[in-house]
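Only one structure is covered here, and it is reproduced in the block below.
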There are 2 protein chains.
Amino acid sequence: MILGNAKPNGEITPCEQCPLRRLPCLREFTLNELEFVKRFKVDELRVEPGASFLYEGSRSEHLYTVLRGWAFRYKMLDDGRRQILNFALPADMVGLQGAVMEEMEHSVEALTPLTLCVLPRHRLYELYSQYPTLAFDITWLAAREEQMLEEHLVSIGRRSALERVAYVLLHLYNRASELGMARNNVVQFPFTQQHLADALGLSLVHTNKTLKRLMATKAIRWQGRDFELLDKGVLHGLAGTVPAPQKNRPFI
Amino acid sequence: MILGNAKPNGEITPCEQCPLRRLPCLREFTLNELEFVKRFKVDELRVEPGASFLYEGSRSEHLYTVLRGWAFRYKMLDDGRRQILNFALPADMVGLQGAVMEEMEHSVEALTPLTLCVLPRHRLYELYSQYPTLAFDITWLAAREEQMLEEHLVSIGRRSALERVAYVLLHLYNRASELGMARNNVVQFPFTQQHLADALGLSLVHTNKTLKRLMATKAIRWQGRDFELLDKGVLHGLAGTVPAPQKNRPFI
DNA sequence: CGGCGTTTTGACAGGCTTCAAGGGCCGTGG
DNA sequence: CCACGGCCCTTGAAGCCTGTCAAAACGCCG
């Protein structure tokens with residue numbers, strides 16, 4: 001079912017040495033939990049940019065945690081319209097829906113070279129019955145995903161184009177920043193204006209014009225892959241409230 | 001924190017006699033589970049139409065299951081713009097976010113006289129550690145909520161006003177119908193056109209005109225509280241794919 | 001150098017919002 | 001019993017925000 005250049009990978013990062021564990025925003029595993037997660041992670045998967053690895057309507061045998069890279073979750077309409085639901089960054093879980101319910105209701109595509117931890121769904125129940133703290137963490141992750149979707153819904157439903165653009169950019173900057181991907185207020189954004197447009201429910205042309213308008217305020221700079229936050233206050237003023245980053249959040 | 005006419009209720013429906021358990025679309029509890037849920041439900045709460053019982057920014061001591069009535073989850077912007085995120089019907093859980101995370105990111109308001117089962121959040125961990133099947137059910141419920149939000153996001157982001165209206169109405173008709181609230185293709189909708197507008201990200205005026213246009217196709221009839229589905233095929237054609245109702249779904 | 005994906009710009013059309021006002025229904029109170 | 005007020009639904013007119021169409025400029029890579 002995997003198109004593009006996706007392939008299992010011989011060398012797996014052992015969980016003890018997981019680079020994510022060093023992030024201050026993520027909670028620590030107990031030794032017991034670490035032991036289980038290590039066994040739970042059966043493989044690593046690499047996906048090339050532009051390739052989807054989970055499909056709407058299919059039932060996946062695995063769920064995944066993003067180890068490195070960016071991806072996005074999306075849905076398509078019959079006539080080709082696309083809605084991007086959210087972006088996935090390291091420490092995010094993808095495919096939980098397919099693991100818990102009958103089938104996936106959205107697809108997931110890599111934006112950059114992507115490394116995923118592969119977790120077999122048939123052992124999810126083992127996790128629930130033996131590691132309630134981890135089960136709780138998974139629920140926490142699902143609730144956080146829901147929260148981001150809700151914010152997104154407010155943006156698309158009730159905010160103007162300028163407000164929407166300000167909101168996503170600030171949102172994504174914050175998320176990337178929290179993961180240590182920012183240096184001097186600059187992060188690398190791997191997506192195009194078309195991706196932004198599809199996330200925001202706008203046309204490409206109007207997204208472009210709105211971005212220009214936003215850059216004219218000197219709140220941000222964005223050329224090539226470099227995104228620079230010049231004036232957080234101004235951006236915040238346009239975007240409205242952006243949820244504070246969660247401290248000590250779980251991940252699996 | 002509860003405004004309006006909300007009050008605890010002396011007489012509680014015992015879980016053995018819960019009317020929801022008779023619904024064919026919901027899964028059966030084992031005796032063990034039933035025993036626990038019975039203890040988990042510490043009270044019943046009644047809320048009057050128009051009253052909110054969960055607030056954005058607050059941290060609730062309880063989570064709730066809807067026993068009778070309709071509610072809706074929503075978020076407000078500073079200047080009064082409102083976005084309705086989803087509607088809650090019997091067997092739906094509300095307030096999970098507040099129970100799992102730091103605080104609620106949305107509010108919940110009753111549309112009709114509402115009866116809620118009160119579940120204390122501080123015993124949620126007991127559930128996770130002793131009843132993994134129920135913990136799994138909660139995750140399932142969170143995943144389903146996420147799925148509905150995603151569909152909603154596609155509507156608002158990529159569908160025209162006519163398509164959006166067709167979609168929600170079909171969606172809500174299906175959900176109500178599944179719960180046995182339909183008779184001869186008629187259900188009672190307790191919300192106004194203003195609610196619909198706020199759910200769909202449209203203005204009231206345009207929602208009204210779009211509804212008129214939809215009724216002109218003879219796909220639906222909606223006057224007073226009565227909503228009648230006249231031609232499911234036509235509505236489906238406008239709405240695009242609407243997810244099939246889930247069989248044997250969990251609830252708590 | 002040529003080709004392709006991305007960004008940019010301009011012109012125009014149209015869907016949706018806003019403003020404004022009237023009508024219907026119902027509960028309340030004189 | 002009727003008048004009144006409030007809420008909801010309905011309709012018209014005007015204008016803006018956003019979409020669509022079209023084309024050119026840019027940057028990157030083979």
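Just so it is clear, the structure is predicted and the values come from calculations on it, not from any experiment.
- Judged as a side chain to side chain donor-acceptor pair (under 3.5 Å), and not counting sequence neighbours, B:Thr241 has no contacts.
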Checklist outcome for this item: Protein-proximity profile, nucleotides 20-30 of chain D, B/S/- by nucleotide at the 4.0 Å heavy-atom cutoff, equals BB---------

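- Using a 4.0 Å heavy-atom criterion, one finds that B:Gly224 contacts no nucleic acid atom at all.
- Chain A approaches DNA chain C over the interval C:dT6 to C:dA11, counting the first and last nucleotide 5' to 3' with an atom under 4.0 Å from its heavy atoms.
- Between the CG atom in A:Asp92 and the CG atom in A:Leu179 there is a gap of 7.5 Å [rounded to 0.5 Å].
- For residues 178-196 of chain A, the set of pairs meeting the salt bridge (Lys or Arg N to Asp or Glu O under 4.0 Å) definition, not counting sequence neighbours, comprises A:Glu178-A:Arg249.
- Backbone-only engagement by A:Gly201 is indicated by non-hydrogen atom pairs under 4.0 Å involving sugar-phosphate atoms exclusively.
- Applying the ring pair (Phe, Tyr, Trp, His ring centres under 6.0 Å) test to A:Tyr173 and every residue at least two apart in sequence or in another chain returns nothing.
- Counting non-hydrogen atoms under 4.0 angstrom, A:Leu211 reaches nothing in the nucleic acid.
- Screening residues 214-239 of chain B for side chain to side chain donor-acceptor pair (under 3.5 Å) gives B:Asn174-B:Lys232, B:Arg221-B:Glu228 as the qualifying pairs, with residues at least two apart or on separate chains.
- Here A:Glu150 pairs with B:Arg73, B:Gln97, B:His106 under the side chain to side chain donor-acceptor pair (under 3.5 Å) rule; sequence neighbours left out.
- A heavy-atom distance below 4.0 Å to DNA chain C is reached by these residues of residues 182-194 of chain A, ordered by number: A:Thr192, A:Gln193.
- The salt bridge (charged side-chain N to carboxylate O under 4.0 Å, His left out) test applied to B:Lys75 returns A:Glu151, B:Glu56, B:Glu105, not counting sequence neighbours.
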Check residues 195-208 of chain A and write down every donor-acceptor pair under 3.5 Å in which the side-chain atom is one partner and the other belongs to a residue at least two apart or another chain.
unit_1: A:His195; atom_1: ND1; unit_2: A:Thr192; atom_2: N; d: 3.0
unit_1: A:His195; atom_1: ND1; unit_2: A:Thr192; atom_2: OG1; d: 3.2
unit_1: A:Asp198; atom_1: OD1; unit_2: A:Gln194; atom_2: NE2; d: 3.3
unit_1: A:Asp198; atom_1: OD1; unit_2: B:Arg158; atom_2: NH2; d: 2.8
unit_1: A:Asp198; atom_1: OD2; unit_2: A:Arg82; atom_2: NE; d: 2.8
unit_1: A:Asp198; atom_1: OD2; unit_2: A:Arg82; atom_2: NH2; d: 2.9
unit_1: A:Ser203; atom_1: OG; unit_2: A:His206; atom_2: N; d: 3.2
unit_1: A:Thr207; atom_1: OG1; unit_2: A:Ser203; atom_2: O; d: 2.7
unit_1: A:Asn208; atom_1: ND2; unit_2: A:Gln193; atom_2: OE1; d: 2.8

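- Looking at residues two or more places apart in sequence or on another chain, you find a side chain to side chain donor-acceptor pair (under 3.5 Å) between A:Asp79 and A:Arg81.
- Every side chain to side chain donor-acceptor pair (under 3.5 Å) that A:Ser155 has, sequence neighbours left out, goes to A:Arg159.
- Where B:Ser160 and A:Asn208 each meet DNA chain C at their nearest nucleotide, the meeting point lying more 5' is that of A:Asn208.
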